[in-house]
Amino acid sequence: MEADGAAASFPLAKWRSDFSRAFQYYLDKSTPHTIGRWIGTVGVAAIYSLRVYFVQGFYIVTYGLGIYLLNLLIGFLSPLVDPEIEVSDGPALPTRGSDEFRPFVRRLPEFKFWYSITKAFCVAFVMTFFSVFDVPVFWPILLCYWVVLFFLTMKRQIVHMIKYKYVPFNIGKQKYGVKKGPGSSNLSKD
């Protein structure tokens, strides 16, 4: 009897292993395509939003999703080594203008941030098909509470960013090592 159970589970284990390997392959191939990945995530978020809108329910699921996304955002905006909490021998944020420049290293890298958000929207979407998660609540109170929580959390994060003088985005930062093409010279021809 035990041999039959093991033989029956072997094809399932093989299928799961093959599926996992194929999924990881396509996940790895999507890594350099940042804009395409985020467009897909916006599409998944739009489908989830339409589902919640048309069903007129699952506000607790949406609230939980919002709290989880806020948590991910804080991890994305935070440095790997927080100078308030840890003293590190490795790269740290400069706290004074005379400190040596060190690049910003995120606690939650962009790819993991994207993957976690996409996975969260997919799980929340699946949850909307089970009525046990449709708890009747007055959704404007949840929305107001989430907005207050968002602003308080972002205020604390922005104060931290100002105090330790770091910007977690590449917008407006000088880029080094970018070579100009042969047709783009600064010399004007008269």
Side-chain angles (χ1 to χ4, degrees), residues 16-55 58-59 61-82 90-94 101-129 142-143 146-147 149-186:
R16 193 170 122 200
S17 173
D18 291 344
F19 176 78
S20 176
R21 188 174 295 119
F23 181 74
Q24 188 63 45
Y25 171 77
Y26 288 113
L27 202 58
D28 291 343
K29 295 227 5 136
S30 73
T31 302
H33 306 289
T34 308
I35 294 173
R37 285 188 285 120
W38 282 104
I39 289 172
T41 300
V42 168
V44 170
I47 291 169
Y48 172 76
S49 300
L50 287 172
R51 169 84 176 145
V52 169
Y53 176 75
F54 286 124
V55 172
F58 298 98
Y59 301 121
V61 174
T62 304
Y63 177 72
L65 176 65
I67 296 294
Y68 181 69
L69 295 180
L70 180 61
N71 187 23
L72 290 175
L73 181 64
I74 293 302
F76 181 69
L77 296 177
S78 298
L80 180 63
V81 178
D82 191 350
L93 294 171
F101 169 76
R102 292 187 178 95
F104 181 78
V105 180
R106 299 177 190 284
R107 185 170 16 141
L108 182 64
E110 184 272 334
F111 185 80
K112 288 183 180 180
F113 179 58
W114 164 80
Y115 184 64
S116 297
I117 286 176
T118 306
K119 204 166 41 169
F121 272 110
C122 291
V123 167
F125 181 74
V126 169
M127 289 174 74
T128 63
F129 290 99
L142 286 179
L143 180 63
W146 185 85
V147 167
L149 188 65
F150 177 81
F151 280 113
L152 290 176
T153 306
M154 284 292 107
K155 178 184 172 198
R156 185 173 50 98
Q157 186 67 30
I158 290 170
V159 165
H160 189 270
M161 290 163 67
I162 291 170
K163 180 179 180 182
Y164 292 102
K165 298 181 177 93
Y166 66 92
V167 178
F169 303 108
N170 292 334
I171 299 170
K173 291 184 179 179
Q174 185 176 1
K175 294 183 181 183
Y176 298 98
V178 177
K179 296 183 179 180
K180 294 182 181 180
S184 61
S185 70
N186 291 337

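For the numbers below, each heavy atom of this structure counts, side chains included, while hydrogens, waters and symmetry mates do not.
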Side chain to side chain contact (heavy atoms under 4.5 Å, CB included) assessment of H160 paired with L77:
CA-CA 10 Å; H160 189 270; L77 296 177; over 6 Å; no

From CA spacing to verdict: side chain to side chain contact (heavy atoms under 4.5 Å, CB included), I35, I39:
CA-CA 6 Å; I35 294 173; I39 289 172; 3.7 Å; yes

Under the criterion side chain to side chain contact (heavy atoms under 4.5 Å, CB included), I'd like the reasoning laid out for I117 against Y68: C-alpha separation, chi angles, the key distance, then a yes or no.
CA-CA 9 Å; I117 286 176; Y68 181 69; over 6 Å; no

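Within the model, atoms OH of Y59 and CG of L143 stand 11.0 Å from one another, a figure rounded to the nearest 0.5 Å. Atom CG of L149 is separated from atom CG of L70 by 5.5 Å, given to the nearest 0.5 angstrom. Here the OG atom belonging to S49 is positioned 11.0 Å from the CZ atom belonging to F125, to the nearest 0.5 angstrom. For the atom pair Y25 OH and S30 OG, the distance stands at 11.5 Å (nearest 0.5 Å). Atoms SG and CE, from C122 and M127 in turn, are 13.5 Å apart once rounded to the nearest 0.5 Å.
Residue L108 comes nearest to L72 through the heavy atom pair CD2-O, 3.6 Å, listed as atom of the first residue, atom of the second, then distance. For the residue pair E110 and T34, the shortest heavy atom distance occurs at OE2-CG2, 3.5 Å. Taking both residues in full, the closest heavy atoms of L65 and F121 are given as CD2-CE2, 3.4 Å, listed atom of the first, atom of the second, then distance. Across all their heavy atoms, T128 and R51 have their closest contact at O-NH2, 2.9 Å. Closest approach of R107 and I74 over heavy atoms only: NH2-O, 3.9 Å.
No side-chain donor-acceptor contact under 3.5 Å links S20 to the backbone of R16. R37 contributes a side-chain N or O that, together with a main-chain N or O of T31, makes up a donor-acceptor pair within less than 3.5 Å.
Classified by interplanar angle (parallel below 30°, tilted 30° to 60°, perpendicular above 60°), the ring pair Y115/F23 is tilted. Ring pair W146/F150 is parallel by interplanar angle, where below 30° counts as parallel and above 60° as perpendicular.
Between I67 and N71, the closest side-chain pair of non-hydrogen atoms is not below 4.5 Å.
Ring-centre distance between F76 and W114: not below the 6.0 Å cut-off.
The number of heavy atoms from other shown groups lying within 6.0 Å of CG (L50) is above 12. Atom CZ of F129 is surrounded by more than 12 heavy atoms from other residues, nucleotides or ligands within 6.0 Å.
With sequence neighbours left out, Y26 forms a ring-ring contact (aromatic ring centres under 6.0 Å, His included) with no residue at all.
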